[in-house]
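Notes to accompany the following structure.
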Amino acid sequence: MEEFDSPDLLKEFKHQWDIITRGAVDVLPEGEFEDKLKKSIKENQPLRVKQGFDPTSPDIHLGHTVGIRKLKQFQDLGHKIVLIVGDYTALVGDPSGQSATRKPLTHDEVMYNAETYQTQFFKVLDRSKTEVRFNGEWFKEMSFTDIMHLATKFTVARLLERDDFTKRMRRGIPISIHELFYPLMQGYDSVAIKASVEIGATEQTFNLLAGRTIQEAYNVEPQLVLTMPILIGLDGEMKMSKSLGNYIGIDEPAREIFGKAMSIPDELIYNYFELATDATAERLVKIKQALSQPDVNPMTIKKQLGEKLVDMYHPNGAGKQAREEFERVFSKKQLPDDMPTKTAAQLADLEIDPKKIYLVHLIAKSGLAKSNSEARKLISAGGVSLNGDKVTDVDYEFELAEETVLKVGKRRFLKICPN
RNA sequence: GGUGGGGUUCCCGAGUGGCUAAAGGGAGCAGACUGUAAAUCUGCCGGCGUAGCCUUCGGAGGUUCGAAUCCUCCCCCCACCA
């Protein structure tokens, strides 16, 4: 244990420790973590806190923000944040939590995603205090000998003992050799940037700990590991992920963020407050209490959640506005404030004749349905209306004479006007 | 390397020459009821201006009037053997 004589230092440590461990699942190894933090404070030497993101999709969602917001807390405490954009690891694909090999991305896709990632990161983090590194920086320099050397640091047995691999083996789903390299690559990132702490979701525990092993093998002081809970997606079952489509993207319009928040199962309300918002400990206690009272409709609290989430990623006041709009559109079944609009000329561009609009085409070509067949199904299911009048005739055609509002399902709108 | 068993639509899984765009379940979408929650019920659930066509049963060829189904080669998974 470090000697910690000054009460000021001790107070600072307690303050930091409290913030850092809040919401975390594991802090490994605990004693070592405390010592390292104390040393950092005493010597005024910030920790290098790392988290990596593979730019496999263009959207950062609330699931990612669980880790990013933890980074932000470290940042606010004066520590150094190092974001790794995994341009090379993305080409391999992290097998964590995967039931099948990820499909490889092209370099162009990766670079495009990496670009949009960065702007999204800085909706939470302070750009000027963040170091962003692409891991291609070191991987593209490695020779085959270097790679083989890296591969000697880990045994097959250790890699295969992971749950993800065990499950895949048992179910007869292929595992490619290159996927075994993922933890090694992630670990080597920690060597390259000399990470002192790495953050990740609990499913990352193996990779994070592998980082320690690799660092030691390369004579770098092993990093500390901090794991955060996995945020459950909108379906209430699976982890939030882009590929499952059960996510709230931080770049989404206010209305979407709010609407999606409203669609989560009630049991997840507290969870979202805790993991995805900056609600204070006192606020969380109040929320928990309110949710346990039978006379409180969880919907009201869910609305607070939606409002909060919108405010985090949109200008102030957007949350309230989104809530009001939601109430207007869904509770009172009125029209939204603003909706996508197409003029006669724009319709003509879509090859729709404003004088004789074939409803099926209008729905499909304006993107309110994926295909004509889909549009037809929606019409015959009674999910389509024009100016509030339900249309059930699949062959319906009409002339665009006045401003008309097309509604498809509960939440898709399109306004079309003659000029 | 050998022998045997497998690979079916988003997922699981039935189907072993035409009746098969392919049973059933799950997921999803829409409708009713609601709080865009849950539960329940109903409909849809490859594409095309709905008419027959086109695409789809690991991949590529072939047999046949006709193939998810038969043959050949290849790829992948599993079991046992080496």
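Just so it is clear, the model here is predicted, and its values are computed rather than measured. Naming: A, B, ... by sequence-line order, numbering from 1 per chain.
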So, is the end of the A:K288 side chain (NZ or CZ) under 6.0 Å from the ring centre of A:Y270 and within 45° of the ring's axis?
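That pair qualifies as a cation-pi contact.
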Hey, does the Lys NZ or Arg CZ of A:K153 hover above the aromatic six-ring of A:Y218, less than 6.0 Å from the centre and inside 45° of the axis?
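Output yes; distance and angle both within limits.
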So what does [X] hit on the nucleic acid, given a heavy-atom distance under 4.0 Å: a base, only sugar-phosphate, or nothing?
{"X": "A:G382", "result": "sugar-phosphate"}
{"X": "A:K302", "result": "base"}
{"X": "A:E327", "result": "nothing"}
{"X": "A:I269", "result": "nothing"}

Identify the nucleotide, in any strand shown, that forms a Watson-Crick or G-U wobble pair with [N], with both distances under 3.5 Å; if there is none, say none.
{"N": "B:rA79", "value": "B:rU3"}
{"N": "B:rC48", "value": "B:rG52"}
{"N": "B:rC10", "value": "B:rG26"}

Nearest listed nucleotide, side chain of A:K377, among B:rU50, B:rG49, B:rC45
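Of all the options, the side chain of A:K377 is nearest to B:rC45.
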With a 4.0 Å limit, can you tell me whether [X] has a side-chain N or O closer than that to the phosphate oxygens OP1/OP2 of [N]?
{"X": "A:R376", "N": "B:rG49", "value": "yes"}
{"X": "A:K370", "N": "B:rC45", "value": "no"}
{"X": "A:S371", "N": "B:rG47", "value": "yes"}

Take the angle between the ring planes of A:F326 and A:F330 and call it parallel below 30°, perpendicular above 60°, tilted in between.
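Correct class here is tilted.
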Side-chain donor/acceptor of A:E397 to base of B:rG49, under 3.5 Å:
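Such a pair exists between side chain and base.
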Using a 6.0 Å cut-off, check whether atom CD of A:E216 has over 12 heavy atoms from anything other than its own residue.
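Enclosed: over 12 neighbouring heavy atoms sit under 6.0 Å from CD of A:E216.
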